[in-house]
Every structure is written in structure tokens, then in C-alpha cells.
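Here the structure is laid out as C-alpha cells; the discussion comes afterwards.
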Amino acid sequence: MAEWRRLELPESGANMVVAVSGGADSTALLLGLDELMGKEQLQLKLTVAHLDHGLRDDSPKDAKWVSQLAKELGYDGVVGRANLKVSTGLKTRTSKPRENLEQAARKARYAFLEKTANKNDSRFVLTAHTLDDQAETILMRLLRGSAAEGLSGTPAVRDLAPGSQVKLVRPLLAWARRSDTEDYCRRRQIDFRVDVMNDDETFSRVRVRKQLLPLMKSFNNRVVEALSRTATLLNEDAVAL
């Protein structure tokens with residue numbers, strides 16, 4: 001609740017869309033909100049949103065799993081579908097189409113989430129980005145030669161799209177590690193889904209996760225937290241300038 005209050009999010013009476021892929025991070029976010037709702041620390045109307053990107057043959061199983069989890073917890077579920085495999089040429093193994101695929105997936109996902117939020121009269125979309133995601137983003141931007149503003153990382157709260165009335169909120173970003181979300185799901189006895197594309201090193205983000213970050217950890221075991229702290233300091237500098 002401390003981070004929720006720090007972000008000045010409403011504790012009652014609001015409709016919120018929770019983006020759930022079925023992976024550990026987003027599942028933990030939904031379960032955590034459900035726990036706070038059960039303890040009456042939050043009194044919100046949650047809608048669980050899942051976009052099937054159409055990138056894997058078994059992706060409909062993820063959609064079905066998320067829908068079932070939402071139903072078991074007592075929340076409305078919304079499933080959208082895209083066909084990015086065809087539109088972006090997934091079979092091409094060069095890095096450029098892969099980067100285009102990541103961008104197309106992000107664009108489709110946020111468009112779906114904004115549409116879902118508007119349909120449900122919600123001004124908040126919650127996603128489950130963690131400290132690990134923040135570290136990966138900072139390193140990718142550093143490798144591209146970003147300035148201080150880019151290296152300040154991903155904000156915890158921003159407009160979902162330019163001019164949008166919907167806020168994109170990342171309540172796990174400043175404190176939760178990926179290992180934390182996995183542990184929490186296990187404690188809640190929920191078997192989260194595993195996306196094999198998260199191990200596909202033709203994606204630059206996966207190479208950063210699998211190759212670069214482990215190397216950096218050999219110099220500083222808390223490099224993920226260090227990168228997040230650096231991003232915070234750079235953001236303060238960028239705001240001041």
C-alpha cells in the first residue's frame with residue numbers, strides 16, 4: 001500500500017483495468033490487488049484485460065487461462081486478439097524485423113488497453129513492469145546512445161497515449177523483482193504461464209536479460225537496483241533542467 005499511496009492512486013470507487021498476460025509479473029499484480037481487496041484496503045472495480053498477440057500457436061491457451069483466473073477471482077475479463085505473426089513477418093530471423101515486432105506488439109497492446117479502459121469508464125490501466133524491466137530498458141537505451149531523459153527510465157505513471165485521459169500505471173516498477181513475483185505466485189499456489197519467446201535471444205531485450213545483465217551482476221550483484229537508482233537520479237536532473 002505504501003507505493004500505491006506514493007503514486008497517489010485512488011483507494012476506493014475507481015474502475016481500473018489490469019493488464020494480465022498470464023506470466024508471473026502480471027499474475028502477481030492481479031493476485032496482490034485481489035489480496036488487498038479481500039482485506040478491504042482497496043475498494044475498486046477491476047477489469048482483467050488480456051491481448052492474444054497471435055504470435056504463438058499455443059497463445060489461445062494463455063487467453064483461456066487468464067479468463068479462467070479472472071472468473072475464479074470474481075472479476076470481469078476482456079480478451080482481445082491480434083495477428084502480429086502475419087503482419088510483421090515473424091519468420092524473418094534478422095534483428096530488424098524482430099525489433100519491429102516488439103514495437104508492433106507494444107502498440108497493439110496499448111491500443112487494446114486504452115479501448116478496454118474507455119469501454120469500462122476507467123481512467124487507469126495497471127501493468128506489471130518490475131525493477132528488472134526497468135534495468136533492461138535503461139541498458140537498451142544506453143546501448144542506443146540515449147540522453148539523460150531517455151536514461152531516466154520508464155515512469156511509474158504516464159498518459160497511456162498522447163492526449164489520452166487514461167493513465168498507465170506501473171505499481172511494481174520501483175520495488176518488485178521478477179523473482180518476487182514468481183515467489184508470490186507460488187505462495188498463492190498459482191501456476192503462472194511461461195512464454196517461450198522470453199527466452200528467444202533473437203530479441204534484443206532477451207539478449208540484454210540473458211547475456212548482458214548476468215555479466216554486469218558479476219561486477220555488482222545488485223546492478224538491477226543500482227540501475228534503477230541511477231534512472232531516478234537522472235530523472236531528477238532532467239526535470240530540473
Side-chain angles (χ1 to χ4, degrees), residues 1-12 14 16-51 59 61-79 109 113 124-137 153-157 168-199 205-206 209-210 213-214 217 221-229 231-232:
M1 284 297 295
E3 180 67 5
W4 194 268
R5 289 169 178 154
R6 187 186 74 82
L7 297 177
E8 299 181 343
L9 300 175
E11 297 180 25
S12 64
M16 294 195 175
V17 173
V18 187
V20 181
S21 67
D25 296 344
S26 58
T27 300
L29 174 61
L30 177 59
L31 293 173
L33 291 169
D34 179 66
E35 181 177 339
L36 292 172
M37 298 266 284
K39 294 178 178 178
E40 298 187 350
Q41 291 180 271
L42 292 177
Q43 296 176 332
L44 307 168
K45 182 180 184 299
L46 302 182
T47 299
V48 178
H50 174 90
L51 180 64
S59 63
K61 294 181 181 178
D62 293 346
K64 183 178 180 180
W65 187 90
V66 171
S67 295
Q68 183 61 33
L69 178 62
K71 182 178 179 181
E72 290 174 358
L73 295 175
Y75 304 118
D76 293 335
V78 178
V79 174
R109 186 164 56 252
L113 291 171
F124 300 93
V125 168
L126 309 182
T127 64
H129 296 84
T130 65
L131 274 171
D132 296 87
D133 294 304
Q134 181 76 294
E136 292 162 13
T137 296
T154 302
V157 181
L168 176 64
V169 184
R170 302 174 172 102
L172 306 182
L173 186 68
W175 61 276
R177 295 292 308 273
R178 192 165 289 130
S179 57
D180 295 328
T181 65
E182 293 174 353
D183 289 344
Y184 182 66
C185 287
R186 293 187 184 104
R187 289 201 303 272
R188 292 289 300 269
Q189 297 183 324
I190 298 293
D191 291 326
F192 52 86
R193 304 290 292 176
V194 177
D195 185 350
V196 295
M197 294 184 73
N198 287 332
D199 292 321
R205 179 176 289 272
V206 177
R209 181 185 309 141
K210 297 284 188 179
L213 270 171
K217 286 179 183 178
N221 193 47
R222 294 182 61 82
V223 67
V224 168
E225 291 84 354
L227 286 167
S228 178
R229 185 168 59 254
T232 299

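When reading the values below, keep in mind they use all heavy atoms of this one structure, side chains included, and skip hydrogens, waters and symmetry mates. Numbers here simply count residues along the sequence, with the first being 1.
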Could you pull out the closest heavy-atom pair between [X] and [Y], with the gap in Å?
X: Cys185; Y: Ala28; answer: SG-N, 3.7 Å
X: Pro10; Y: Met16; answer: CG-CE, 3.6 Å
X: Ala70; Y: Gly77; answer: CB-CA, 4.4 Å
X: His50; Y: Ser21; answer: CE1-O, 3.2 Å
X: Leu227; Y: Ala135; answer: CD1-CB, 3.8 Å
X: Ser12; Y: Leu44; answer: N-CD2, 3.9 Å

Taking the side chain as every heavy atom from C-beta outward, state whether [X] and [Y] have any pair of such atoms under 4.5 Å apart.
X: Gln134; Y: Val224; result: no
X: Lys210; Y: Asp199; result: yes
X: Leu42; Y: Met1; result: yes
X: Thr27; Y: Arg193; result: no
X: Leu29; Y: Val20; result: no
X: Thr232; Y: Arg229; result: no
X: Val66; Y: Leu30; result: no
X: Asp132; Y: Arg177; result: yes

>> Can you confirm whether the side chains of Arg205 and Thr137 place a donor and an acceptor under 3.5 Å from each other?
In response: yes
>> Please tell me whether Asp133 and Thr130 have a donor and an acceptor in their side chains that are separated by less than 3.5 angstrom.
In response: yes
Answer yes or no: is there an ion pair linking [X] with [Y], defined by an N-O contact shorter than 4.0 Å?
X: Arg188; Y: Asp34; value: yes
X: Asp76; Y: Lys45; value: yes
X: Glu182; Y: Arg178; value: no

With rounding to the nearest 0.5 angstrom, report the [atom1] to [atom2] distance, [X] to [Y].
X: Leu9; Y: Arg6; atom1: CG; atom2: CZ; answer: 9.5 Å
X: Tyr75; Y: Met37; atom1: OH; atom2: CE; answer: 4.0 Å
X: Arg222; Y: Ser228; atom1: CZ; atom2: OG; answer: 10.5 Å
X: Leu126; Y: Leu172; atom1: CG; atom2: CG; answer: 9.0 Å
X: Thr127; Y: Leu113; atom1: OG1; atom2: CG; answer: 8.0 Å
X: Glu72; Y: Ser67; atom1: CD; atom2: OG; answer: 11.0 Å

>> Using the rule given for side-chain contact (heavy atoms from CB on, under 4.5 Å), can you reason through Leu69 versus Phe192, listing the C-alpha separation, both sets of side-chain angles and the distance that settles it, and then say yes or no?
In response: CA-CA 10 Å; Leu69 178 62; Phe192 52 86; over 6 Å; no
> Can you name the one residue among Gln41, Gln43, Arg5 that meets side chain to side chain donor-acceptor pair (under 3.5 Å) with Glu11?
Replying inline: Arg5
>> Test side-chain contact (heavy atoms from CB on, under 4.5 Å) on Leu31 and Leu73; report intermediate values, then the result.
In response: CA-CA 9 Å; Leu31 293 173; Leu73 295 175; 4.1 Å; yes
